Amino acid sequence: MKAFVSVDLEGMPYVVIPGHLSLKGVMYNEARQIATKVTLIVAEELHDNGVDEVVIADSHGPMVNLLTDSLPDYVELIRGYPRPTSMLSGIEGCDAALFLGYHAKAGTMRSIFDHTYSSLSISRLEINRIESSEFLLNAYGAGDLKVPVILVAGDHQLIEDDVKKYSPWVETVALKRSVSRAAARSFGISRIERELRAGVKRALTNVREQRAKLLVAERPVKMKVTFQSAYFADAAEMLPIVKRIDGLNVEFTASNMTEAYNLFELLCLASVGVDAIKKDQS
Ligand SMILES: [Zn+2]
């Protein structure tokens with residue numbers, strides 16, 4: 001059996017300030033150590049329970065967050081960004097997916113680092129008219145490739161809002177509970193480790209007893225994107241497939257979720273370009 005693990009940072013325990021999240025952040029090193037510890041606990045538990053190969057997609061920001069000096073030989077690490085299908089890179093051919101360090105979508109009340117994919121440019125994403133978090137985006141992407149998501153570990157609010165609502169069969173572990181957008185509480189790492197190991201065991205039992213299900217987006221896939229600025233929507237509508245709805249909203253239809261995912265990523269990359277140009281002009 002081959003498992004896929006996608007690792008974000010914002011939903012990791014103890015990660016609470018912007019300085020945890022960027023390459024030059026003052027507490028980036030702490031965040032890297034926490035994310036590595038959590039990821040290796042999950043990888044080890046997967047391996048101890050019969051998983052032969054673990055593909056890990058480092059999936060936050062520059063996507064080089066995880067420390068590499070103690071990776072076991074059953075692990076393959078995917079790092080670096082930009083890349084096609086972003087947080088799902090490497091999922092093809094895996095039997096199950098686990099998402100770690102995931103967080104609530106943009107606009108969620110009192111929820112740590114709430115955002116959807118790009119905190120620079122995106123204020124709302126809809127997939128087939130369903131307001132989507134990164135969890136839903138990636139779970140639909142996995143479902144399109146016939147890979148069931150079996151465990152989500154991250155912010156409690158994401159688990160309550162989206163994971164339980166759209167995929168109640170998925171095992172969950174709350175790594176932290178938000179107090180506000182800027183604060184959260186978490187238990188000690190030994191308790192987190194115990195809960196993660198138990199969660200992985202339950203998730204693999206679900207696979208063996210055929211309780212794991214795919215989350216599948218109906219085809220064709222319709223995406224509606226609300227940008228934070230008309231600068232970004234102006235750039236997005238240059239792509240012929242993209243239809244401008246109004247100042248901040250665009251939509252497009254893709255034949256499947258992988259295509260929709262990559263188009264969405266392309267619009268986010270275009271926004272980064274527009275932002276760089278505007279900064280250069282000021
Ligand atoms: Zn992130």
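One-based numbering, in listed order, for ligands and for the atoms of each. Everything numeric here is computed off the predicted structure, so don't read it as measured data.
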Give the C-alpha distance, both sets of side-chain angles, the deciding distance and a yes or no for ring-ring contact (aromatic ring centres under 6.0 Å, His included) between His47 and Tyr74.
CA-CA 8 Å; His47 192 246; Tyr74 52 83; 3.7 Å; yes
Excluding water, the protein N, O or S atoms sitting under 2.8 Å from the Zn ion (ligand 1) are Asp8 OD1, Glu10 OE1, Glu10 OE2, His60 ND1
Spell out, yes or no, whether Ile277 and Leu266 are grouped together once hydrophobic residues are joined by side-chain heavy atoms under 4.5 Å, including indirect joins.
no
Which residues, ordered by chain and number, are linked to Leu67 in its hydrophobic cluster, where ILVMFWY side chains connect at heavy-atom gaps below 4.5 Å, directly or through other members?
none
Arg191 NZ/CZ over Phe187 ring centroid, <6.0 Å and within 45° of normal
yes
Taking Ile112's backbone N and O only, do any of them form a donor-acceptor pair with Lys176's side chain (distance below 3.5 Å, no angle check)?
no
Parallel, tilted or perpendicular for Phe135 and Phe99, by the 30°/60° rule?
perpendicular
